[in-house]
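To keep things clear, I will list the structure first and then write my remarks on it.
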Amino acid sequence: MLEQVKKNAADHAIVKEILTEYELIVDTYEQVREKPGDKDKQEKYFSGKKSNHTFKSQIIIMPDGRDIVDVVAGEPGPKSDITLFREYRSEFDPQQRFKGDKAYVGEDLITTQE
């Protein structure tokens, strides 16, 4: 959704404002990737959580789950969910509310179930 209006600043601002009416759902997941040949890349993509080399992706959706608002794909696997969220948080209005899992505990404006 945000990618579709990114080139038009006025539309982008309107969409960001409309989204603040909703509590968006955010989640992150890992996908196994082929082991890189370069030692530095191996370390960069090795996820101790999955005991494998992985890519991490984040998806943000509308509360009803029908519309995808934003997707981040291909980040290094060891990056924490909350760090990935913080890196892309600026894409949204500062007052935007989110709902997430325990990986986001402690983040302002994210409701988590503990």
Side-chain angles (χ1 to χ4, degrees):
M1 189 179 292
L2 288 179
E3 284 292 319
Q4 294 172 351
V5 295
K6 204 171 217 172
K7 292 182 181 176
N8 185 332
D11 289 347
H12 192 254
I14 290 169
V15 169
K16 282 172 51 172
E17 185 176 332
I18 291 170
L19 288 174
T20 60
E21 297 175 18
Y22 301 95
E23 185 175 44
L24 303 177
I25 299 169
V26 59
D27 200 11
T28 308
Y29 57 94
E30 288 184 78
Q31 296 173 286
V32 176
R33 63 161 286 176
E34 186 176 302
K35 182 177 178 178
D38 183 346
K39 184 174 176 17
D40 291 334
K41 282 190 178 181
Q42 285 181 20
E43 289 177 7
K44 182 178 179 180
Y45 286 93
F46 186 77
S47 170
K49 180 178 176 183
K50 296 289 183 182
S51 297
N52 220 328
H53 297 84
T54 62
F55 288 117
K56 185 162 272 194
S57 300
Q58 173 180 273
I59 188 164
I60 298 176
I61 60 172
M62 295 294 287
D64 62 8
R66 292 186 185 182
D67 293 311
I68 296 172
V69 177
D70 192 37
V71 175
V72 175
E75 293 289 321
K79 189 177 288 189
S80 72
D81 297 1
I82 200 164
T83 299
L84 185 59
F85 174 78
R86 287 173 177 159
E87 287 178 3
Y88 290 92
R89 174 74 174 92
S90 62
E91 300 282 327
F92 294 89
D93 187 278
Q95 299 306 310
Q96 180 66 56
R97 295 168 296 128
F98 297 90
K99 182 181 279 189
D101 59 19
K102 290 182 180 182
Y104 301 97
V105 170
E107 181 63 28
D108 293 342
L109 301 174
I110 294 186
T111 305
T112 58
Q113 294 180 352
E114 294 184 40

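Quick caveat: nothing in here was measured; it's all calculated off a predicted structure.
Within the model, atoms CG of Leu24 and CD1 of Ile68 stand 12.5 Å from one another, a figure rounded to the nearest 0.5 Å. One distance of note links CE of Met62 with CD1 of Ile25; it measures 9.5 Å at 0.5 Å rounding. Separation of atoms CZ (Arg89) and CD1 (Ile60) is listed at 8.5 Å; rounding is to 0.5 Å. Between Gln96 atom CD and Leu109 atom CG the span is 8.5 Å, to the nearest 0.5 Å.
Among residues two or more places apart in sequence or in another chain, the ring-ring contact (aromatic ring centres under 6.0 Å, His included) test is passed with Phe98 by Phe85, Phe92. Shown here are the side-chain contact (heavy atoms from CB on, under 4.5 Å) partners of Asp108, two or more places apart in sequence or in another chain: there are none. Under the side chain to side chain donor-acceptor pair (under 3.5 Å) criterion, Arg86 pairs with Glu107, not counting sequence neighbours. With sequence neighbours left out, the ring-ring contact (aromatic ring centres under 6.0 Å, His included) criterion links Phe55 to Tyr45. Contacts of Glu91 classified as salt bridge (charged side-chain N to carboxylate O under 4.0 Å, His left out), with partners at least two apart in sequence or in another chain: Lys6. Judged as a side chain to side chain donor-acceptor pair (under 3.5 Å), and not counting sequence neighbours, the contacts of Thr28 are Tyr104. In this structure, the side chain to side chain donor-acceptor pair (under 3.5 Å) partners of Ser80, at least two apart in sequence or on a different chain, are Thr83. For the side chain to side chain donor-acceptor pair (under 3.5 Å) test, no residue two or more places apart in sequence or in another chain qualifies with Lys16.
For the pair Val69 and Ile61, the tightest heavy-atom approach, listed with the atom from each and the gap, is CG2-C, 4.0 Å. Contact record, Glu23 with Thr111: OE2-OG1, 2.7 Å, taken as the closest heavy-atom pair. Taking each heavy atom of Asp81 and Ala103 in turn, the nearest pair found is OD2-CB, 3.3 Å. Considering every non-hydrogen atom in both Gln31 and Ser57, the closest pair reads OE1-OG, 3.7 Å.
The shortest distance between side-chain heavy atoms of Asp93 and Leu19 does not fall below 4.5 Å.
Remark: side-chain polar atoms of Arg33 are not paired, donor with acceptor, to backbone N or O of Asn52 under 3.5 angstrom. At distances below 3.5 Å, not a single donor-acceptor pair connects side-chain atoms of Lys79 with backbone N or O atoms of Lys56.
Judged as a ring-ring contact (aromatic ring centres under 6.0 Å, His included), not a single pair has a partner in residues 15-42 (not counting sequence neighbours).
Counted within 6.0 Å of CD on Glu17, heavy atoms from surrounding residues, nucleotides or ligands total 12 or fewer; the atom is thus considered open. Enclosure of atom NZ in Lys99 is not indicated, since only 12 or fewer non-hydrogen atoms of other residues, nucleotides or ligands lie within 6.0 angstrom.
Taking Ile, Leu, Val, Met, Phe, Trp and Tyr as hydrophobic and joining them when side-chain heavy atoms fall under 4.5 Å apart, one finds Val72 in a cluster with Leu84, Tyr88.
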